[in-house]
Amino acid sequence: MTRLLLALVASSLVLAQDPPTQEPPAASPGGADRFSAREPEPRPYEKVITKEAKTQQGVFTVHRIKSKLYYEIPSTEL
(Lines give C-alpha, C1' and ligand atoms only; values in the text may rest on other atoms or scores of the structure.)
Protein backbone atom coordinates (compact mmCIF):
# COMPACT_ATOMS: atom_id res chain seq x y z
CA MET A 1 0.00 0.00 0.00
CA THR A 2 2.85 2.36 0.85
CA ARG A 3 4.53 1.68 -2.47
CA LEU A 4 1.32 2.48 -4.35
CA LEU A 5 0.89 5.74 -2.45
CA LEU A 6 4.52 6.69 -3.04
CA ALA A 7 4.19 5.91 -6.77
CA LEU A 8 1.06 8.09 -7.04
CA VAL A 9 2.73 11.01 -5.26
CA ALA A 10 5.87 10.72 -7.38
CA SER A 11 3.90 10.57 -10.64
CA SER A 12 1.81 13.61 -9.68
CA LEU A 13 4.99 15.57 -8.93
CA VAL A 14 6.43 14.67 -12.32
CA LEU A 15 3.23 15.68 -14.11
CA ALA A 16 2.97 18.95 -12.18
CA GLN A 17 6.28 20.31 -13.47
CA ASP A 18 6.18 23.27 -15.83
CA PRO A 19 6.87 22.45 -19.47
CA PRO A 20 10.22 23.66 -20.79
CA THR A 21 10.16 27.13 -22.30
CA GLN A 22 10.85 27.41 -25.99
CA GLU A 23 13.79 29.41 -27.22
CA PRO A 24 12.98 32.09 -29.79
CA PRO A 25 13.78 30.98 -33.33
CA ALA A 26 17.22 31.79 -34.60
CA ALA A 27 17.73 34.63 -37.04
CA SER A 28 17.40 33.74 -40.69
CA PRO A 29 20.57 33.23 -42.76
CA GLY A 30 20.13 36.68 -44.31
CA GLY A 31 20.67 38.20 -40.89
CA ALA A 32 17.16 39.60 -40.42
CA ASP A 33 14.94 38.05 -37.80
CA ARG A 34 11.72 36.90 -39.46
CA PHE A 35 9.64 38.21 -36.54
CA SER A 36 11.08 41.72 -36.59
CA ALA A 37 9.57 42.39 -40.03
CA ARG A 38 6.01 42.10 -38.73
CA GLU A 39 3.87 45.18 -38.35
CA PRO A 40 3.08 46.29 -34.81
CA GLU A 41 -0.28 45.22 -33.40
CA PRO A 42 -2.89 46.55 -33.76
CA ARG A 43 -2.52 47.56 -37.37
CA PRO A 44 -3.81 50.94 -38.56
CA TYR A 45 -7.46 50.96 -39.59
CA GLU A 46 -6.66 51.91 -43.21
CA LYS A 47 -4.41 48.85 -43.59
CA VAL A 48 -7.07 46.48 -42.28
CA ILE A 49 -10.29 47.89 -43.77
CA THR A 50 -9.27 48.53 -47.37
CA LYS A 51 -11.28 49.78 -50.35
CA GLU A 52 -12.18 46.21 -51.29
CA ALA A 53 -14.18 45.82 -48.05
CA LYS A 54 -17.94 45.42 -48.39
CA THR A 55 -19.51 47.21 -45.41
CA GLN A 56 -22.93 46.66 -43.82
CA GLN A 57 -24.39 48.92 -41.14
CA GLY A 58 -26.45 47.42 -38.34
CA VAL A 59 -26.17 46.99 -34.60
CA PHE A 60 -22.45 46.73 -35.33
CA THR A 61 -20.69 47.76 -38.53
CA VAL A 62 -19.47 44.64 -40.35
CA HIS A 63 -16.77 44.65 -43.02
CA ARG A 64 -16.24 41.65 -45.31
CA ILE A 65 -12.92 41.28 -47.12
CA LYS A 66 -12.79 38.05 -49.13
CA SER A 67 -13.64 35.35 -46.55
CA LYS A 68 -12.85 37.42 -43.44
CA LEU A 69 -15.31 39.40 -41.35
CA TYR A 70 -14.35 42.43 -39.26
CA TYR A 71 -16.75 43.83 -36.67
CA GLU A 72 -16.59 47.42 -35.43
CA ILE A 73 -17.77 47.31 -31.84
CA PRO A 74 -17.86 50.69 -30.11
CA SER A 75 -15.98 50.82 -26.80
CA THR A 76 -19.24 51.81 -25.11
CA GLU A 77 -20.65 48.39 -26.05
CA LEU A 78 -17.75 46.46 -24.56
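Since we're looking at a predicted model, the values are computed, not measured. One-based numbering along the sequence shown.
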(message) So Tyr70 and Val62, do their side chains get closer than 4.5 Å, heavy atoms only?
(response)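 Side-chain contact under 4.5 Å: no.
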(request) Could you please spell out the steps behind the side chain to side chain contact (heavy atoms under 4.5 Å, CB included) verdict for Gln56 and His63? (result) CA-CA 7 Å; Gln56 289 183 325; His63 306 281; over 6 Å; no
(message) I'd like to know if Tyr45 and Leu78 are part of one continuous hydrophobic network [Ile/Leu/Val/Met/Phe/Trp/Tyr, side-chain heavy atoms within less than 4.5 Å].
(response)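 Looking at the clustering, Tyr45 is in a separate group from Leu78.
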(message) Hydrophobic cluster membership, with links at side-chain heavy-atom distances under 4.5 Å among I/L/V/M/F/W/Y: are Ile73 and Val48 in one?
(response)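 No.
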(message) How long is the straight-line distance from OG1 of Thr61 back to CD1 of Ile49, given to the nearest 0.5 Å?
(response)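 Rounded to the nearest 0.5 Å, the CD1-OG1 separation comes to 10.0 Å.
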(message) Nearest 0.5 angstrom please: Ile65 CD1 to Glu52 CD, how far?
(response)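 Taking CD1 in Ile65 and CD in Glu52, the distance rounds to 5.5 Å.
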(message) To check you understand the geometry: which heavy-atom pair defines the closest contact between Glu72 and Phe60, and what is its length?
(response)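 Reported closest heavy-atom pair: O-CB, 3.6 Å.
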